[in-house]
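Below is one structure, written out as structure tokens; the observations come after it.
Remember, it's 1-based here, ligands and their atoms both numbered in the order they're listed.
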Amino acid sequence: MSTELRTKTTEEKSAPHGLWSSRMVFILAATGSAVGLGNIWKFPYITGENGGGAFVLVYLLCVAAIGIPIMMGEVLIGRKGRKSPINSMRILADAEGKSRAWGALGWSGVIASFIILSFYSVIGGWATTYVGYSISGSFSGASAETVSNLFSDLLGNPWKLTLWHTVFMGLTTLVVARGVHAGLEKAVKFLMPTLFVLLLMLVGFAMTTGHFGAGLEFLFTPDFSKLTTAGVLTAMGHAFFTLSLGMGVMIAYGSYLPENVSIAKTSIIVSLLDTVVALLAGMAIFPLVFANGMEPGAGPGLIFKTLPIAFGQIPGGIVFGTLFFVLLVFAALTSSISLLEPTVEWLEEHRGINRKLSALLTGGAIWLLGLVSVLSFNIWSDVAPLGMFEAFAGKTPFDLLDYLTASIMLPLGGLLVALFTGWAMSKESAREALDMLDGPGFDVWRLLVRYVAPIGVTIVFFYNLG
Ligand code: TRP
């Protein structure tokens with residue numbers, strides 16, 4: 001008993017920010033980060049645009065060959081450094097006798113998560129608004145035009161967007177301010193199981209539409225003639241975004257991971273759960289789309305413009321429509337918490353700034369930057385700050401922030417993680433940090449992180465630039 005207590009204290013001493021209470025909680029939190037708008041909003045529509053099954057297959061391959069190895073790399077950096085992404089990178093670079101410039105990887109992560117959250121929160125605000133629309137019956141019997149107008153009216157109204165962006169950012173800040181145990185853990189312990197139950201209910205509902213088979217067929221029958229090069233690259237990029245990689249989020253979460261937990265196993269579980277949620281979201285959405293004779297390739301408007309029409313036609317649509325958007329808000333919230341964490345953790349490492357203040361300052365600054373995205377959908381919708389360059393013509397400030405982070409900083413961050421853990425760290429310290437002392441697992445990981453991941457990410461990177 002007493003030895004148990006003593007080991008715990010030593011371990012906790014080496015982890016100044018505290019530790020997750022159990023492996024289960026880490027899995028919930030990391031899955032909460034991974035499962036977000038990417039799974040429920042983006043995955044279904046990019047699958048729809050790219051013809052279904054074959055795209056899903058490529059995406060699964062990318063998760064396995066690139067996503068999981070890089071996630072393991074991030075978690076190992078965090079657990080070994082026990083600090084925010086910036087300081088963990090410095091500590092590890094020092095320990096390996098490498099340049100402190102590797103700290104740039106941490107910086108890029110902190111800055112990127114800061115920027116992403118600023119617009120993620122605005123979109124989280126849309127989802128929150130849609131809960132209200134659904135409860136109040138705005139979709140009942142509504143025509144495609146009415147539903148489409150609801151969406152454009154929302155985007156055209158800066159006050160409304162700001163209101164819900166404020167609510168969403170406020171909730172996120174509140175959770176993070178309460179710390180790892182009272183905040184993050186408590187939130188994910190409630191939100192994640194609820195999210196799974198809601199999702200299963202929605203899949204059950206989709207089964208009653210009579211078009212469940214068509215939905216499954218669309219998702220799971222590979223038709224390679226519909227797969228383009230662009231589709232392959234989109235699948236690879238998405239594997240990255242959906243697993244929350246490249247921004248130090250998994251470094252921050254890894255810095256609270258207890259020593260005795262297997263990084264490989266948990267990373268695999270988190271990636272599997274994330275994938276299962278994306279597929280279940282597809283299984284909930286496509287049958288509704290087909291049951292109402294609508295287009296699966298409708299693009300980004302799929303869940304905001306297409307799905308509400310289906311909810312408006314189907315018996316039980318008010319209840320299930322509301323559940324759907326509640327699910328979306330929960331998924332977005334557990335991701336936004338993870339996006340706030342790296343910056344808050346970093347600020348907290350400065351003397352005199354405690355967690356509450358750090359969360360408040362960071363949350364406030366991100367809220368302010370979020371206004372740029374709010375205005376991009378209305379008053380500034382014609383403003384193109386980099387319009388003098390042909391590649392950026394017509395891109396609003398929101399488009400630019402999205403492009404800078406998702407297409408540039410995120411793959412770059414992932415590439416650096418792969419290079420650091422695969423090349424800069426010695427084989428022995430990587431093996432020790434991962435705690436993979438025997439079996440072929442370590443060699444497979446190292447092969448993927450040294451060659452497969454860097455090459456894959458580089459290809460996506462240049463494709464995105466082009
Ligand atoms: N993975 C989340 C989603 O699918 C988004 C997200 C959260 C994210 N944290 C991240 C993306 C860090 C990249 C990096 O919606």
Side-chain angles (χ1 to χ4, degrees), residues 29-47 59 62-63 66-68 70-71 73-75 78 85 105-106 108-124 126-127 168 172 175-176 184 187-188 191-192 195 199 234-254 267 270-271 273-282 300 303 327-345 366 401-417 457 460 464:
T31 308
S33 168
V35 170
L37 296 167
N39 303 59
I40 298 166
W41 167 62
K42 200 162 178 203
F43 177 75
Y45 90 74
I46 54 178
T47 302
Y59 159 78
C62 294
V63 167
I66 302 179
I68 295 177
I70 294 189
M71 183 182 294
E74 287 203 19
V75 177
L105 166 57
S108 147
V110 165
I111 295 169
S113 57
F114 186 97
I115 299 177
I116 287 229
L117 182 51
S118 78
F119 59 79
Y120 204 85
S121 165
V122 176
I123 301 178
W126 299 356
F168 193 84
T172 306
V175 172
V176 172
L184 307 193
V188 298
L191 293 172
M192 292 311 289
L195 186 145
L199 192 55
T234 307
M236 212 190 286
H238 184 66
F240 228 76
F241 184 84
T242 189
L243 294 177
S244 297
L245 301 176
M247 284 190 200
V249 164
M250 292 297 168
I251 300 184
Y253 275 16
S267 300
V270 169
S271 306
L273 286 174
D274 180 70
T275 304
V276 167
V277 170
L279 294 175
L280 285 174
I303 66 168
L327 166 78
L328 191 62
V329 173
F330 282 12
L333 200 57
T334 49
S335 299
S336 63
I337 296 170
S338 77
L339 285 165
L340 186 52
E341 190 59 30
T343 315
V344 171
E345 188 184 18
I366 292 176
L401 292 177
D402 178 26
Y403 179 81
L404 173 70
T405 47
S407 302
I408 299 181
M409 299 181 82
L410 202 134
L412 217 56
L415 178 65
L416 289 174
V417 169
V457 175
V460 177
N464 281 338

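Residues Val35 and Leu273 form no side-chain contact, since every pair of their non-hydrogen atoms from C-beta on lies 4.5 Å or further apart.
To the nearest 0.5 angstrom, Ser336 atom OG is 9.0 Å from Leu37 atom CG. Taking CH2 of Trp126 as the start and CD1 of Ile303 as the end, the distance is 10.0 Å to the nearest 0.5 Å.
Evaluation of the salt bridge (Lys or Arg N to Asp or Glu O under 4.0 Å) test over residues 336-345, restricted to residues two or more places apart or in two chains, returns Glu341-Arg355.
A distance limit of 4.0 angstrom between heavy atoms and ligand 1 selects the residues Ser33, Ala34, Gly36, Leu37, Gly38, Asn39, Tyr120, Phe241, Thr242, Ser244, Leu245, Met247, Val249, Ser335, Ser338, Leu339, Leu410.
Applying the side-chain hydrogen bond (donor to acceptor under 3.5 Å, both in side chains) test to Ser338 and every residue at least two apart in sequence or in another chain returns Ser33.
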Listing, residues 108-115 side-chain donor-acceptor contacts under 3.5 Å, not counting sequence neighbours, or none:
residue, atom, partner, partner atom, Å
Ser113, OG, Gly109, O, 3.1
Ser113, OG, Val110, O, 3.1

